[in-house]
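In listed order, ligands and their atoms are each counted from 1. We use all heavy atoms of the structure for the numbers below, so side chains are in, but hydrogens, waters and symmetry mates are not. Index from 1, following the sequence.
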Amino acid sequence: MVCHRKPDGDAVGSTLGLAALLRTLGSNPTPMCIDPVPLQTQFLPGSDTFRTTVPDDTDLIVMLDCGSDAMPGLDATELRKAPLVDIDHHPHTGRPPTPRLAVYDIEASSTAEMVYAIARHSGWKINRQAATCLLTGIVTDTSAFQNTNVTPATLEASGDLLRRGARFKEIIRHCFYSSSVAKLRLWGIAMARMEQSPKVAGVLSTVLTAEDIAETGATSEDTEGLADFLKSVPGLEAMLLLTDLREGEVKGSLRAGRPDVDISGLAELLGGGGHTQAAGFRVPGRLVQTTDESWVINPPSRTDEPTAATKTA
Ligand SMILES: [Mn+2]
């Protein structure tokens, strides 16, 4: 059971949820991720059972919540160790290089919602443990039912998982209300630095530098959820958060403020991707503030002199 690197609530929840379901069927699944499970989802039963490699005696690989084969962060040969089942709700472009049983549903709120549908369709018993894991995936990928990816099926699945014993209160507390002081300070810097675009009304942007992250004692993972929080301004069309990752890479998080605004094209133009309402990209360079106090991304070759080529706002 392979999920993407830097796993989010849906990656962890759908992987552990399907693992719990398969265990009740007498199977022996191994959850796998090359990065550690984040603090928010460590309360899930089985979160300490993730391995970082694909075992050699694997007879089936199930890949979950991965928009591409690169997302697990594995060598391509690892995914060919066994027949591949690919369950995902991200839009896929192009034909994947490795043959597989593909189960794609871009209408689903989350991969966890898809796993729930598969379990119901197959008549599998959904125990309390699986229910909590799957509801975690749904709740985190919908930002607690706030995003436009919520459908009647999402709420019906969630209601049924609740009925089956999913620990909803615990999910909300761990996933949304477990911030360190360092994280709150970092979010404070991003909020104080927010700027309205002088050219395009309704577009907000802000930046976080590697120094901000280091000085607050936060980690780059602490920016998870920040872009969603910042898009709450009435009348907002789009919001851009740029984070300097110190590895010479700037991460861009784009959020649409209205359902009829599609920001995925901009993310794709910059080499990234995502959904119409939430997308992202990464570009090489460092964030630097110019003398007129605007922020620019300096290309990697010229890190000391700001260039006007890539104005942020
Ligand atoms: Mn997902």
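With no hydrogens or angles considered, no side-chain donor-acceptor pair links Asn149 and Ser109 at under 3.5 Å. Checked by atom type, the side-chain pair His89/Asp105 shows no donor-acceptor distance below 3.5 Å. In this structure, a donor-acceptor pair under 3.5 Å is absent between the side chains of Ser178 and Gln40.
Taking the six-membered ring where tryptophan is involved, the planes of His174 and Phe43 are essentially parallel, since the angle between them stays under 30° and well short of 60°.
Shown here are the salt bridge (charged side-chain N to carboxylate O under 4.0 Å, His left out) partners of Arg282, two or more places apart in sequence or in another chain: Glu249.
Under the 4.5 Å side-chain heavy-atom criterion for grouping Ile, Leu, Val, Met, Phe, Trp and Tyr, Trp295 is not connected to Leu226 through any hydrophobic cluster.
By the criterion of a separation under 2.8 Å, the protein N/O/S atoms near the Mn ion (ligand 1) amount to Asp10 OD2, Asp65 OD1, His89 NE2, Asp141 OD2.
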